Amino acid sequence: MRETLAEAAFQLFLERGFERTTVDEIVARAGVGRRSFFRYFPSKEDAVFPDHERCLADMTALLARGTEPDPVRAVCDAARLVTRMYAAKPEFSVQRYRLTQEVPGLRTYELSVVRRYERTMAGFLRECWSGGPDGALRAEVVAAAVVAAHNNALRAWLRSGGSGDAEAAVEHALGTVLDVWARPAAPAAAPGAEAFAGSGGSPGATAAVSGGGPGGGPAEVSADGDVVVMVARRDAPLWRVVQQVEAVLGTPARHR
């Protein structure tokens, strides 16, 4: 019933315009009573975005499962749910985008939906980084960055009429966020071998856990710690250097 009403409403919006379409006309097209409409949609605006409530619930559930150890990568995974929702129905998504650009009230409604996604991500990040310095601030900044990168790529795809690969475009955009904020993946090193975190991809820093001493020869590693050798460019930002060391040692990035 929900999908039937949404389809009837959207077809009428395209045929007659959003403002000129009434709820009575929508229920007549769908062949149901007026009460049925308001049982599923509080307003006409909600009928234009029938899939966002389900997507928001899926996003909340994904973040709650906590399968991704890096919080930044986790919220990027959450953003990809929105991309897949749009890409699953490209024609409808493009038509809705065009309708939204024509109706100021729909643009306002869409912004409120986007803000709900952002608040969900920020809330998750605040919990992950609670207790760390500026945890709440970082949560808001990263959530806003993820939403901005995602929406920049998605809207470019919508403006193009749905041509090209929406998911690939969003993946590229989210990469700009991951490059700055994500925790580098810890390398898997054999016992006694050097483990390098940030081979060529991390700008400016390379960290290694090695059995060699400062002079390059054999070293006795104490029972309470590894010997860490850090090689970094002079202009490498300190946060990136610390990030690389944490990735090698497996310590949580609570300061992020």
Side-chain angles (χ1 to χ4, degrees), residues 2-21 26 29-30 41 43-63 68 72-122 141-182 201:
R2 181 184 176 87
E3 290 184 3
T4 300
L5 282 166
E7 290 175 6
F10 197 75
Q11 287 304 315
L12 285 168
F13 295 154
L14 294 178
E15 293 170 12
R16 304 182 186 182
F18 179 81
E19 299 293 351
R20 291 191 296 273
T21 300
I26 294 172
R29 173 71 64 92
F41 302 112
S43 67
K44 287 196 304 180
E45 288 81 1
D46 290 283
V48 179
F49 303 93
D51 40 11
H52 280 291
E53 288 297 332
R54 183 183 303 111
C55 189
L56 187 63
D58 291 343
M59 176 182 290
T60 303
L62 174 67
L63 294 173
E68 168 56 60
V72 180
R73 296 184 189 278
V75 292
C76 285
D77 287 343
R80 293 182 184 102
L81 294 178
V82 182
T83 310
R84 288 195 287 270
M85 177 187 70
Y86 275 82
K89 298 179 179 179
E91 183 178 357
F92 170 73
S93 297
V94 170
Q95 289 177 333
R96 178 169 61 185
Y97 176 75
R98 290 171 179 168
L99 179 64
T100 302
Q101 300 310 296
E102 296 171 0
V103 182
L106 290 179
R107 287 202 299 274
T108 301
Y109 185 93
E110 184 187 35
L111 289 174
S112 71
V113 173
V114 171
R115 180 55 184 156
R116 290 178 67 191
Y117 284 122
E118 186 175 327
R119 284 202 304 267
T120 299
M121 296 180 193
V141 171
V142 173
V146 170
V147 169
H150 174 275
N151 287 355
N152 180 275
L154 181 62
R155 286 171 181 164
W157 176 75
L158 292 169
R159 286 193 299 269
S160 74
S163 62
D165 189 334
E167 294 187 55
V170 169
E171 196 66 32
H172 176 73
L174 291 177
T176 63
V177 179
L178 292 169
D179 285 346
V180 176
W181 293 101

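It should be emphasised that the depicted structure is a prediction, and the values quoted were computed from it without experimental measurement.
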Counterpart residues, salt bridge (charged side-chain N to carboxylate O under 4.0 Å, His left out), relative to [X] (two or more places apart):
| X | result |
| --- | --- |
| R116 | E53 |
| E15 | R29 |
| R107 | none |

Quiz item: Any chance CD of Q101 has more than 12 other-residue heavy atoms, nucleotides or ligands included, within less than 6.0 Å?
Solution: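 Yes, CD of Q101 has more than 12 neighbouring heavy atoms, counting only those of other groups under 6.0 Å.
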Quiz item: For R119, does the CZ atom have more than 12 heavy-atom neighbours from other residues, nucleotides or ligands under 6.0 Å away?
Solution: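 Check passes, neighbour count above 12.
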Exercise. Sequence neighbours left out, what pairs pass salt bridge (Lys or Arg N to Asp or Glu O under 4.0 Å) with at least one residue falling in residues 150-167?
Key: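 Sorted result for residues 150-167: empty, none.
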Quiz item: Do any pairs count as a salt bridge (Lys or Arg N to Asp or Glu O under 4.0 Å) and have a residue in residues 93-105, sequence neighbours left out, and if so which ones?
Solution: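 Pairs touching residues 93-105 that pass the test: D51-R96.
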Least distance between heavy atoms, [X] atom then [Y] atom:
| X | Y | value |
| --- | --- | --- |
| E68 | A74 | CG-N, 3.5 Å |
| V72 | V75 | O-CG2, 3.1 Å |
| A30 | L5 | CB-CD2, 3.8 Å |
| C76 | L174 | O-CD1, 3.8 Å |
| A143 | M121 | CB-CB, 4.0 Å |
| A149 | T176 | CB-OG1, 4.3 Å |

Exercise. Might you work through the side chain to side chain contact (heavy atoms under 4.5 Å, CB included) test for Y109 and V103, ending with a clear yes or no?
Key: CA-CA 10 Å; Y109 185 93; V103 182; over 6 Å; no
Could you give the distance from [atom1] ([X]) to [atom2] ([Y]), rounded to the nearest 0.5 Å?
| X | Y | atom1 | atom2 | result |
| --- | --- | --- | --- | --- |
| Q95 | K89 | CD | NZ | 12.0 Å |
| R73 | W181 | CZ | CH2 | 14.5 Å |
| L178 | E171 | CG | CD | 7.5 Å |

Only counting residues at least two apart or in another chain, list the ones meeting side chain to side chain donor-acceptor pair (under 3.5 Å) with [X].
| X | answer |
| --- | --- |
| E118 | R115 |
| D77 | R80 |
| R2 | none |
| E110 | none |

Can you tell if the side chain of [X] reaches within under 4.5 Å of the side chain of [Y], non-hydrogen atoms only?
| X | Y | value |
| --- | --- | --- |
| M85 | R54 | no |
| L99 | F10 | yes |
| F49 | T100 | yes |

Practice problem: Would you check, one step at a time, whether the test side chain to side chain contact (heavy atoms under 4.5 Å, CB included) holds for I26 with F13? | Solution: CA-CA 9 Å; I26 294 172; F13 295 154; 4.0 Å; yes
Practice problem: Sequence neighbours left out, what passes side chain to side chain contact (heavy atoms under 4.5 Å, CB included) with S43? Give chain and number order. | Solution: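 In terms of side chain to side chain contact (heavy atoms under 4.5 Å, CB included), with neighbours along the sequence ignored, S43 is linked to E45, D46.
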Exercise. Could you list the residues that satisfy side chain to side chain contact (heavy atoms under 4.5 Å, CB included) with L111, not counting sequence neighbours?
Key: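 None.
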Quiz item: Quick one: ring-ring contact (aromatic ring centres under 6.0 Å, His included) pairs with a partner in residues 150-173, sequence neighbours left out?
Solution: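 Residue pairs passing ring-ring contact (aromatic ring centres under 6.0 Å, His included), neighbours aside: none found.
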